[in-house]
Undergrad: 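The structure that follows is given in the form of structure tokens.
If you're wondering where the values come from, they're calculated on a predicted model, not measured in any experiment.
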Amino acid sequence: MLQKLFFLTLLILCFTFTASAQSLDEIIAKHIQARGGAEKLKAVKSIKQTGAFIQQGQELPLTIQVKRPNNLRFEISVQGQSVILGYDGTVGWGINPFLGSKDPQKLPDEQLKDVIDQADIDGILVDYKEKGHKVELVGKEDLEGSPAYKLKISKKNGDTEYIFLDAGNYLEVKSVDKQKTPGGEVEVETYQSDFKAVEGVLFPHAIESKAQGQTVLQIKLNKIEVNSAIDDGLFKFPTKTAEK
């Protein structure tokens, strides 16, 4: 009798874990389909986004360019000068004239992690196993009156992020991670909204990040171009001093 109970318990456990894995796979599959489907996502070779970076009520012109395989350039215009973050798949760098120099500097490791994540043109959930990440379904939570699936992402780089997918349309509406600041580690919540289709793929056109309940930045995009020609040189570490 004990052997039968033990065997039955194993069957129940196996079924529970299998069902959980299938449920997670189904949720991620629906998320990818909601964004436009794997085929259309893979057909996107480059993305150029223009809009405004809003901080403390001030709107600053913003351009974000991403190109396969892992290239990123993030540029903000402030008082006639450019603050730039770049990544060419190997080297991450930045130019910030407001820190006393217009010369490019290599990014510290912690900041580079975030840049590498943003350079993933497909998004972290697409082919996450091949990328070396682990994803777990934590459960469902109420998010501003709407149910959302909460996923735990254990990244290849050792960091942890939580992603919330709307249970109705399966789009990512919130993410939570911890970021290091001069004042210590801070939990940052990022919200995505105003989804619009561009070349058959849905993109959020409004992004807001909060720390300790306070808005720390907003991004509003007014134009997104897919598969426009982008020079690879834009992502490379500049070989000479930026113009003064």
Undergrad: Looking only at heavy atoms, which two atoms of Gln81 and Lys102 are closest? And how far apart?
TA: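 Nearest pair, atom of Gln81 first, then Lys102: OE1-CE, 3.1 Å.
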
Undergrad: Distance from Phe195 atom CZ to Asn169 atom CG, nearest 0.5 Å?
TA: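 The distance works out to 7.5 Å.
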
Undergrad: For Lys156, does its backbone N or O pair with a side-chain atom of His133 as donor and acceptor, under 3.5 Å?
TA: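 Such a contact is found between His133 side chain and Lys156 backbone.
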
Undergrad: Roughly how far, to the nearest 0.5 Å, is CD of Gln192 from CD1 of Ile219?
TA: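 Separation between the atoms: 10.0 Å.
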
Undergrad: Give me the ring orientation class for Tyr149 and Tyr170: parallel if the planes are under 30° apart, tilted from 30 to 60°, perpendicular past 60°.
TA: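 Parallel.
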
Undergrad: If you measure from CG on Leu72 to CG on Leu234, what distance do you get to the nearest 0.5 Å?
TA: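 The CG atom of Leu234 is 11.5 Å from CG of Leu72, to the nearest 0.5 Å.
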
Undergrad: Answer yes or no: is there a donor N or O on one side and an acceptor on the other, between the side chain of Ser46 and the main chain of Ser228, under 3.5 Å?
TA: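 Side chain of Ser46 to backbone of Ser228, a donor-acceptor pair under 3.5 Å: yes, one is there.
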
Undergrad: Would you name the heavy atoms of Val66 and Ile230 that are closest together and state the gap between them?
TA: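 Smallest interatomic distance, heavy atoms only, reads O-CD1, 4.2 Å.
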
Undergrad: Have Ser209 and Thr190 got a donor and an acceptor in their side chains that come within less than 3.5 Å?
TA: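 Side chains of Ser209 and Thr190: pair found under 3.5 Å.
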
Undergrad: Same cluster or not: are Leu24 and Ile124 linked, directly or through other Ile, Leu, Val, Met, Phe, Trp or Tyr residues, by side-chain heavy atoms under 4.5 angstrom apart?
TA: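 Leu24 and Ile124: one cluster.
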
Undergrad: Hey, does the side chain of Arg68 reach the backbone of Val44 with a donor-acceptor pair shorter than 3.5 angstrom?
TA: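 Confirmed, Arg68 side chain pairs with Val44 backbone.
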
Undergrad: Hey, does Gln105 have a side-chain heavy atom less than 4.5 Å from the side chain of Leu99?
TA: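 No; the side chains remain at least 4.5 Å from each other.
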
Undergrad: Whether Lys178 and Asp159 form a salt bridge (side-chain N of Lys/Arg under 4.0 Å from carboxylate O of Asp/Glu) is what I want to check.
TA: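 So Asp159 does not pair with Lys178 through a salt bridge.
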
Undergrad: Do Leu143 and Val176 sit in one hydrophobic cluster, given that two such residues count as connected whenever their side-chain heavy atoms are within less than 4.5 Å of each other, even indirectly?
TA: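 Same cluster.
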
Undergrad: Any donor-acceptor pair under 3.5 Å linking the side chain of Lys196 with the backbone of His205?
TA: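 Here the side-chain-to-backbone pair does not exist.
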
Undergrad: Heavy atoms only: give me the nearest Ser154-Glu136 pair and the separation to one decimal.
TA: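 Distance-wise, the nearest heavy atoms are OG-OE2, 4.2 Å.
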
Undergrad: Side chains of Trp93 and Asp88: does their closest heavy-atom pair fall under 4.5 Å?
TA: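 No. Closest side-chain heavy atoms not under 4.5 Å.
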
Undergrad: Give a yes or no on whether a salt bridge exists between Lys42 and Asp127, defined as a side-chain N under 4.0 angstrom from a carboxylate O.
TA: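 Yes, Lys42 and Asp127 are salt-bridged.
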
Undergrad: Could you walk me through whether Leu60 and Gln55 pass the side chain to side chain contact (heavy atoms under 4.5 Å, CB included) test, one step at a time?
TA: CA-CA 8 Å; Leu60 306 172; Gln55 194 169 36; 5.5 Å; no

Undergrad: As an exercise, state the distance from CD of Gln49 to CD of Glu225, rounded to the nearest 0.5 Å.
TA: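 Here the interatomic distance stands at 10.5 Å.
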
Undergrad: Answer yes or no: is there an ion pair linking Lys174 with Glu189, defined by an N-O contact shorter than 4.0 Å?
TA: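 A salt bridge links Lys174 with Glu189.
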
Undergrad: If we only count heavy atoms from C-beta on, is the Leu62 to Thr50 side-chain gap below 4.5 Å?
TA: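 No, too far: nothing below the 4.5 Å cut-off.
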
Undergrad: Counting C-beta onward and ignoring hydrogens, is there a side-chain heavy-atom pair between Ile95 and Ser82 closer than 4.5 Å?
TA: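 No - every pair of side-chain heavy atoms lies 4.5 Å or more apart.
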
Undergrad: If you look at every heavy atom in Ile84 and Arg73, which pair is closest and at what distance?
TA: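 Nearest heavy atoms, Ile84 then Arg73: CD1-NH2, 3.3 Å.
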
Undergrad: Quick one, Phe203 and Leu221 - any side-chain contact, counting heavy atoms below 4.5 Å?
TA: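 Counting from C-beta outward, Phe203 and Leu221 never come under 4.5 Å.
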
Undergrad: Should we count NZ of Lys220 as having more than 12 external heavy atoms under 6.0 Å?
TA: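 Counting other residues, nucleotides and ligands, NZ of Lys220 stays at 12 neighbours or fewer.
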
Undergrad: Taking atom CD as the centre, does Glu75 end up with more than 12 heavy-atom neighbours from other residues, nucleotides or ligands that are less than 6.0 angstrom away?
TA: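 Counting neighbours around CD of Glu75, more than 12 heavy atoms of other residues, nucleotides or ligands fall under 6.0 Å, so yes.
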
Undergrad: Using every non-hydrogen atom in the two residues, find where Gln65 and Phe235 come nearest and quote the distance to one decimal.
TA: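 Residues Gln65 and Phe235, closest heavy atoms: O-CE2, 3.6 Å.
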
Undergrad: Under 4.5 Å between side-chain heavy atoms, counting indirect links through other Ile/Leu/Val/Met/Phe/Trp/Tyr residues: same cluster for Leu125 and Leu41 or not?
TA: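 Leu125 and Leu41: one cluster.
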
Undergrad: Look at the side-chain heavy atoms of Ile, Leu, Val, Met, Phe, Trp and Tyr, link any pair under 4.5 Å apart, and say whether Tyr191 and Tyr162 land in one connected group.
TA: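 The answer is no; the residues belong to distinct hydrophobic clusters.
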
Undergrad: Does Gln212 CD have over 12 foreign heavy atoms under 6.0 Å away?
TA: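 Open: at most 12 neighbouring heavy atoms sit under 6.0 Å from CD of Gln212.
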
Undergrad: Rounded to the nearest 0.5 Å, what's the gap from CD on Glu110 to CD on Glu185? Could you check?
TA: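 Interatomic distance, Glu110 CD to Glu185 CD, rounded to 0.5 Å: 8.5 Å.
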
Undergrad: Does Asp109, at its CG atom, have more than 12 non-hydrogen atoms belonging to other residues, nucleotides or ligands within less than 6.0 Å?
TA: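 For Asp109, atom CG is not crowded (no more than 12 foreign heavy atoms under 6.0 Å).
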
Undergrad: Does NZ belonging to Lys106 count more than 12 external heavy atoms closer than 6.0 Å?
TA: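 12 or below, so no.
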
Undergrad: With side chain to side chain contact (heavy atoms under 4.5 Å, CB included) as the test, would you mind laying out the steps for Asp120 and Lys131 before giving the verdict?
TA: CA-CA 10 Å; Asp120 182 352; Lys131 295 171 183 174; 2.6 Å; yes

Undergrad: Would you indicate whether the side-chain heavy atoms of Val83 and Phe74 approach each other to under 4.5 Å?
TA: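 Phe74 vs Val83: side chains apart.
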
Undergrad: Who pairs with Thr215 by side chain to side chain donor-acceptor pair (under 3.5 Å), at least two apart in sequence or on another chain?
TA: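 Expected list: Glu208.
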
Undergrad: Which atom pair, heavy atoms only, marks the closest approach of Ala38 to Ile32?
TA: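 Scanning both residues, the minimum pair turns out to be N-CG2, 3.6 Å.
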
Undergrad: Return yes if some donor-acceptor pair links the side-chain N/O of Arg35 with the main-chain N/O of Asp122 below 3.5 Å, else return no.
TA: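 Yes: the side chain of Arg35 pairs with the backbone of Asp122.
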
Undergrad: Any non-hydrogen side-chain atom of Gln79 less than 4.5 Å from a side-chain atom of Phe98?
TA: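 Gln79 vs Phe98: side chains touch.
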
Undergrad: If hydrophobic clusters are built from ILVMFWY residues whose side chains come within less than 4.5 Å, do Ile116 and Leu85 share one?
TA: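 Linked within one cluster.
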
Undergrad: Nearest 0.5 Å please: distance from the CD atom of Gln179 over to the CG atom of Asp114.
TA: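 So the gap between those two atoms works out to 5.0 Å.
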
